[in-house]
Amino acid sequence: MQIEVNGQMVEAKAGAPCGDVLQESLSKKQFKNTVVCRCGDALLDLTSPLPEDCRTLEPVFADSEEGLDIIRHSAAHLMAEAVKKLFPEVKVTIGPAIENGFYYDFDFERAFTPEDLEQIEAEMERSVGADKLFSRSEMSRDEAKAFFAAQGETYKGEIIDDLGAERYSIYKHGEFTDLCRGPHVPRTGLIKAFKLLSVAGAYWRGDEKNKQLQRIYGTAWANPKQLKQYLDRLEEAKKRDHRKLGTQLDLFSIHEDVGGGMILWHPKGALVRAILEDFEKKEHLKRGYQLVQGPLILKRELWEKSGHYDNYRENMYFTEIDEQAYGIKPMNCLAHMLIYKSRLRSYRDLPIRYFEHGIVHRHEKSGVLHGLLRVRSFTQDDAHLLCRPDQLQQEIIGVAQFVKDVMEMFGFDFEAEISTRPEKSIGSDEDWERATEALKNALDAMGWAYDINEGDGAFYGPKIDIIIKDALARRWQCATIQCDFTLPDRFDLVYVGEDGERHRPVMLHRVILGSLERFLGVLIEHFAGAFPVWLAPVQARVLTVTDAQNEFAGKVRDYLVSRGIRAEADLRNEKLGYKVREAQMEKIPYMLVVGDKEVEAGAVNVRWRDGDDPGMMAYEDAAELILSAACEPFQRGGMSYSFSTTGSPHTA
RNA sequence: GCCCACGUAGCUCAGUAGGUAGAGCACAUCCUUGGUAAGGAUGAGGUCACCGGUUCAAAUCCGGUCGUGGGCUCCA
């Protein structure tokens, strides 16, 4: 038959190994670098027979994205082989490729030690050196069950029962055989660059009720150079860890004595927060939101009424006042609804958009706390939008646009997900259906791609989640838009329609940054601590060469402060080099050096944190330079920068 | 909450055949007035996370508690 191989038409025989067909159209070097092949949408082993209906055949090279997945998955098998050889009593479970690497979960009586990992790695190296063939074969369900049962691999039996198929493919290399859909690299020699990274506990099938297995993580690449680049990248990422930078830049701290997941914001960190809050308040007012404020604790009955007591109690803190039970708020919606309810609303009033920087407390499990990214006390930039059903679509789009404007302003890429009804939830099926549709329609209107997370919604409604990544490419949920037909019902929220009747409004819960704590954590890593000028706690520092310039330096500092710039003067009896180094390590965007020459000219010598120095200029001009740099990120989206709280002038 | 690892000055870290602790930075005092990433001297600073055990003797060995880190589950 005639098929297209790598762009050219060739004559091939159906049933011949794909690898053989490919080999004729590829250079030796290319073929050596081929891990599997693609026929239409399907990926096939090089040893697989060429299907009858195959019209095009392409090689998948080791360094392509698909190729790397194959290598990583194959590396997981290689690791399982090594583990079984060293520890025959281990039971194998599953081992997929993941972003940048792979893992395999093992059932083993004891924990793997770092020494074990070294041994396993050495055993894998031997297997790579031996360049063993990966061979594919098939078994019927009964054969497969009997085969793995005979080896005591009970987890494989469970997987077979679960899949419920008639035929199963198995892969063998050396002495190791595993149930696997494949495909795999043709020979172990293609797994050239890998490293085992860590061992961790993981539950069988991801369910904490199940047995905890030992998971070994590893990374694998097409060649040693790529591997080194990745390991270097990991090192680099550690340097921008927000916990490390938080200490170095004196932004925040976490004290054991205060409690886990509680943040102490130091002056500079608190200032960055205040700037963000200030920016957000103005931006919300511009977009038709109203600022409101509720208390931290509300009576327990209210949480019972809302459903939080039944559905969210394990995450809440409670207290008692005058023998009356109170709940510390984990969310801000109740106060907002009561504000809505404080008077009768007309359809003309809608949509109503209430915004609050609301401090919430959630009892997160101790093991999940993580710097600023997962805490127990945090501030949400929370809003609740109450609207008529016919306004819902437009309101969701408005929020999505708001999210887009803000994320683009910070330079974050983001991904969207829609989460549907969870098991533990309240409300009718129709309402859930309507709400989910509204969210999907809005994202379609925005032209955003999104994934669906079945059963991941909040207990009161479906939601859109926006996910951004930290320095280690870990994904964090920030913005979320949640549709809610249920709470307005429970709290009997109404508006009077054009017809004079009472109607039920729809409520949207939404945050943009999510929590200020988490967002700042990701932001610190995103900018490696070098905040953009508008957010930098100190925007400019005047550095004197000797104390002969102290008076002039003070004058420059005062001028900058009067122009709304957060400026300091470093008048200490230290050498200029020392002051420059310190300012640089504090990542202050502008250093304004003044010596005798500058005093005489009424100028400053501008040194910029990020590279080329603008040089000497009148200090009034330097102020304009700094102000325009501060405004720069706001060019898009019709936003603007101004910050009214003056940083306290500091005279050292 | 679960699995594994770790917990020494404000910070970063040394400190193994168990013998009542060290360095650099930061801090204080003094000297130095010096043009773009660290000038010099002196000094102060530690219940070696906490509790208990083994021992003549524990930062070091054992047990527990708390905390942190990497994951799992969960989440903004």
Side-chain angles (χ1 to χ4, degrees), chain A residues 103 105 108 110-114 116-117 197-217 238 241 243-244 247-248 250 253-261 312 314-315 330-331 358 360 362-376 378-382 419 456 458 463 465-468 472 474 476-480 482 509-519 521-522 543-550 573-586 591-598 605-609 613 615:
Chain A
Y103 68 77
D105 287 346
F108 190 24
R110 65 174 180 84
F112 290 109
T113 63
D116 291 338
L117 290 198
L197 297 175
S198 61
V199 54
Y203 301 104
W204 168 234
R205 291 173 187 266
D207 188 334
E208 63 183 321
K209 291 183 197 79
N210 288 341
K211 178 159 191 188
Q212 190 150 31
L213 308 169
Q214 304 275 327
R215 174 173 297 179
I216 301 179
Y217 281 95
K238 277 187 200 157
D241 187 312
R243 291 163 298 189
K244 201 171 181 144
T247 306
Q248 270 168 26
D250 199 14
S253 60
I254 300 171
H255 279 262
E256 207 178 303
D257 299 343
V258 174
Y312 205 72
E314 58 274 26
N315 284 302
M331 299 179 190
V360 296
R362 297 185 185 174
H363 180 233
E364 303 292 347
K365 290 179 182 177
S366 60
V368 307
L369 302 178
H370 182 96
L372 293 177
L373 299 182
R374 193 73 184 273
V375 295
R376 284 180 171 155
F378 56 101
T379 304
Q380 294 183 301
D381 56 339
D382 204 2
S419 298
D456 251 4
K463 58 179 185 171
D465 286 324
I466 305 297
I467 286 123
I468 61 181
L472 285 166
R474 286 179 296 211
W476 294 98
Q477 184 179 325
C478 288
T480 168
Q482 310 182 344
H509 310 243
R510 55 104 278 195
V511 290
I512 303 284
L513 306 182
S515 93
L516 291 182
E517 283 74 10
R518 174 176 292 180
F519 193 77
V522 179
L543 311 180
T544 52
V545 177
T546 73
D547 53 18
Q549 299 91 33
N550 282 5
N573 175 16
E574 295 290 350
K575 288 194 170 179
L576 180 60
Y578 183 88
K579 296 182 183 181
V580 167
R581 177 183 147 85
E582 218 160 69
Q584 190 75 41
M585 290 202 307
E586 287 176 50
M591 287 158 257
L592 309 181
V593 175
V594 295
D596 286 338
K597 275 183 291 183
E598 287 77 14
N605 208 317
V606 182
R607 180 191 160 102
W608 190 34
R609 165 185 74 185
D613 296 343

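These values consider heavy atoms only, across backbone and side chains, with no hydrogens, waters or symmetry-generated copies. Given the structure is predicted, the values throughout are model-derived calculations rather than measurements. Chain letters run A, B, ... following the sequence lines, proteins first, then strands; residues in each count from 1.
Note on A:H255: every side-chain N or O is 4.0 Å or more away from OP1 and OP2 of B:G67. At the phosphate of B:A26, OP1 or OP2 sits under 4.0 Å from a side-chain N or O atom of A:Y578. OP1 or OP2 of B:G70 has at least one side-chain nitrogen or oxygen of A:R243 nearer than 4.0 Å. An OP1 or OP2 oxygen of B:A37 is reached within less than 4.0 angstrom by a side-chain nitrogen or oxygen of A:R607. Close to B:C75, at under 4.0 Å from its OP1 or OP2, lies no side-chain N or O of A:Y312. One finds a side-chain N or O of A:Q477 lying less than 4.0 angstrom from the OP1 or OP2 phosphate oxygen of B:A76.
One finds a salt bridge joining A:D116 and A:R110 here, because a Lys/Arg side-chain nitrogen approaches an Asp/Glu carboxylate oxygen to under 4.0 Å. Looking at A:K365 and A:E314, no side-chain N of the basic residue comes within less than 4.0 Å of a carboxylate O on the acidic one, giving no salt bridge.
A:Q212 contributes a side-chain N or O that forms a donor-acceptor pair with the base of B:C2 under 3.5 Å. Side-chain N/O atoms of A:R374 and base N/O atoms of B:C74 include a donor-acceptor pair closer than 3.5 Å.
Between the side chains of A:Y203 and A:R205, no donor-acceptor pair is found at a separation under 3.5 Å. With hydrogens and angles left out, the side-chain atoms of A:Q549 and A:D596 include a donor and acceptor closer than 3.5 Å. With 3.5 Å as the limit, one finds no donor-acceptor pair spanning the side chains of A:Q477 and A:R518.
Of all nucleotides present, only B:G10 satisfies the Watson-Crick or G-U wobble test against B:C25, with each distance under 3.5 Å. Pairing of B:G45, defined by two Watson-Crick or G-U wobble distances under 3.5 Å, is not identified with any nucleotide. Using the Watson-Crick or G-U wobble rule with both distances under 3.5 Å, B:C75 pairs with nothing in any strand shown. In a base pair of the Watson-Crick type (N1 to N3 plus N6-O4 or O6-N4) or a G-U wobble (N1-O2 and O6-N3), with each distance short of 3.5 Å, B:A5 is matched with B:U68.
Note on A:G201: a base of the nucleic acid sits closer than 4.0 angstrom, heavy atoms only. Residue contacts shown for A:L369 are limited to sugar-phosphate atoms, with no base heavy atom under 4.0 Å away. Counting any heavy atom pair closer than 4.0 Å across all strands shown, A:F378 reaches a base atom.
With B:U33, B:G1, B:A76 as the candidates, the nucleotide lying closest to the side chain of A:V368 is B:G1.
Remark: the separation of the C1' atoms in B:G70 and B:A38 is 35 Å, to the nearest Å. Distance noted for atom C1' between B:U29 and B:A21: 26 Å (whole Å).
The nearest heavy atom of RNA chain B to A:K244 and to A:S366 marks one nucleotide each, and the one closer to the 5' end goes with A:S366. With the nearest nucleotide of RNA chain B identified for both A:C478 and A:V606, A:V606 has the one nearer the 5' end.
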